Amino acid sequence: MPSRRPLVGGNWKMNTSRAEAQDLAGAVITQLEPSILQACDVTLFPPFPWLTAVAEATCSSPIGIGGQDVSDQSQGAFTGQTSAAMLIDAGCSTTLVGHSERRHGLGESNAILNAKLRQAISAGLEVMYCVGETLSERESGQSEDVVAMQVKEGLDGVPAGDLDRISIAYEPVWAIGTGRTAAAEDAQAMHCRIRADLENQYDARSAKGVRIVYGGSVKPSNAESIFAQPDVDGGLIGGASLDAEGFVEIIRAAASMSAS
Ligand code: 13P
């Protein structure tokens, strides 16, 4: 892997009770060797109501906490939304923007995701911006165009100076929660394309520094081959992040890439 530091996120989605969330965070901390955390960034994305509890559980560890979503507004009459400032107050350093379960499940457009991303960055959060094509887009040969548009429109108006606070998660929708993973070479091809697009939109130096992680049915058994790809800088893990032992194995696989 080039000089980029590996990054692994655990997206718990709408899972865990408060007690389970605390136990899961505690188990990840206990099982992760300090040397692994020196080689790899780890962020947990618990459900909103458990952010503070998980932040307390992780406060003496380098493990970061992030929101699964953020509002495009800074404050006010926006029932049910969570602002970037609230996430920071709850202990978050980062947030997901554009997860496919929001893009496709809730109809969030590139324009709204761009507004969320810019709001989060201006409030001081880091952002993991998620992109990925659906199965029908893949089967009709549109994957690269769809993802290129998601990157272009999602980052519209974001200056190069802010790119060091943005990572991209490539998560093909057909691979999320299905047990079907993209072939390592296909993931590499898309990551390489995203980096090339970033170079066109910004410049080579900025593009080279952006971490692009893969998500979609990553498991301990396939993590190593995916993370071994030169443009894959880690993973965004869903189901497998709910099991501390498996999640830690995945983190170890990412950390080992920084040594190779
Ligand atoms: P799975 O790892 O369960 O496929 O989910 C991936 C994902 O959506 C992470 O954000």
Side-chain angles (χ1 to χ4, degrees), residues 6-16 20-21 24-25 28 40-48 50-51 54 63-70 87 92 94-108 113 116-117 120 126-135 137-138 143 146-147 150-151 154 166-184 186-187 190-191 194 211-227 229 232-254:
L7 168 62
V8 176
N11 178 8
W12 296 355
K13 307 190 180 183
M14 199 170 70
N15 293 297
T16 70
E20 286 166 349
L24 181 54
V28 171
C40 181
D41 289 334
V42 178
T43 304
L44 302 178
F45 297 94
F48 283 148
W50 316 145
L51 280 173
V54 174
I63 291 177
I65 301 295
Q68 295 179 13
D69 181 44
V70 67
L87 290 181
C92 294
T94 184
T95 184
L96 299 180
V97 168
H99 192 278
S100 82
E101 286 146 19
R102 301 199 63 90
R103 278 183 190 275
H104 301 292
L106 300 172
E108 293 188 353
L113 298 174
K116 289 183 176 204
L117 185 148
E126 296 183 3
V127 169
M128 185 179 279
Y129 177 56
C130 307
V131 298
E133 81 284 0
T134 63
L135 184 59
E137 287 163 346
R138 169 151 288 252
S143 306
V146 167
V147 171
Q150 291 171 340
V151 171
I166 295 171
S167 57
I168 293 184
Y170 168 57
E171 301 199 293
V173 180
W174 48 270
I176 295 178
T178 59
R180 245 184 103 182
T181 319
D186 290 344
M190 186 62 88
H191 285 224
I194 293 170
R211 291 183 290 186
I212 307 175
V213 304
Y214 170 82
S217 298
V218 176
K219 303 182 276 285
S221 57
N222 60 24
E224 210 165 310
S225 66
I226 297 171
F227 296 163
Q229 302 302 313
V232 178
D233 304 314
L236 181 57
I237 320 301
S241 71
L242 295 169
D243 168 60
E245 210 170 308
F247 186 52
V248 165
E249 255 188 79
I250 292 169
I251 296 167
R252 286 196 192 108

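Every heavy atom of this structure was used, including side-chain atoms; hydrogens, water molecules and symmetry mates were not. Atoms within each ligand, like the ligands themselves, are counted from 1 in listed order. One is the number of the first residue; the rest follow in order along the sequence. Not measured: the values here are computed from a predicted model.
At the top of the distance list for atom 5 (O) of ligand 1, counting protein heavy atoms only, stands K13 NZ, 3.3 Å. The protein heavy atom nearest to atom 4 (O) of ligand 1 is G177 N, 2.6 Å. Atom 9 (C) of ligand 1 has its closest protein heavy atom at E171 OE2, 2.8 Å. Looking only at heavy atoms of the protein, atom 2 (O) of ligand 1 is closest to G238 N, 2.9 Å. In terms of protein heavy-atom proximity, atom 3 (O) of ligand 1 is closest to G239 N, 2.8 Å.
Residue contacts with ligand 1 leave out K219, since none of its heavy atoms falls under 4.0 Å from the ligand. Taking a 4.0 Å cut-off on heavy atoms, A175 registers as neighbouring ligand 1. Under the 4.0 angstrom criterion for non-hydrogen atoms, A240 is not in contact with ligand 1. The shell of residues lying under 4.0 angstrom from ligand 1, judged by heavy atoms, excludes G215.
Of the N or O atoms in H99, one or more lie within a sub-3.5 Å distance of an N or O in ligand 1. In terms of polar-atom proximity, I176 is not counted as a contact of ligand 1, lacking any N or O under 3.5 Å from an N or O of the ligand. The shortest N or O to N or O distance between E101 and ligand 1 is not under 3.5 Å.
Against a heavy-atom cut-off of under 4.0 Å, N11 is close to the following atoms of ligand 1: 9 (C), 10 (O). The contact set between ligand 1 and G216, taken as ligand atoms under 4.0 Å from a residue heavy atom, comprises 4 (O), 6 (C).
With hydrogens and angles ignored, the 3.5 Å screen pairs no side-chain donor or acceptor of Y129 with any backbone N or O of V131. No donor-acceptor pair under 3.5 Å is formed between the side chain of R180 and the backbone N or O of A175. In this structure, the side chain of E171 does not engage the main chain of C130 through any donor-acceptor pair within 3.5 Å. Side chain of T94 to main chain of E126: a donor-acceptor pair is present (N/O by atom type, distance under 3.5 Å, no hydrogens or angles). Checking side-chain atoms of T181 against main-chain N and O of S217 turns up a donor-acceptor pair under 3.5 Å.
Residues passing the side-chain hydrogen bond (donor to acceptor under 3.5 Å, both in side chains) test with E137, sequence neighbours excluded: T134. In this structure, the side-chain contact (heavy atoms from CB on, under 4.5 Å) partners of N11, at least two apart in sequence or on a different chain, are K13, F45, Q68, L96, H99, L236.
Contacts between L236 and ligand 1, counted as non-hydrogen atom pairs separated by less than 4.0 Å, involve both the backbone and the side chain. With a 4.0 Å heavy-atom cut-off, ligand 1 is reached by no atom of S100.
The pair E108-K116 meets the salt-bridge criterion, with a side-chain N (NZ, NE, NH1 or NH2) lying under 4.0 Å from an Asp/Glu carboxylate O.
Evaluated for a side-chain contact (heavy atoms from CB on, under 4.5 Å) with I65, the options L87, T43, L44 yield exactly one hit, L44.
With 3.5 Å as the limit, one finds no donor-acceptor pair spanning the side chains of Q150 and Y170.
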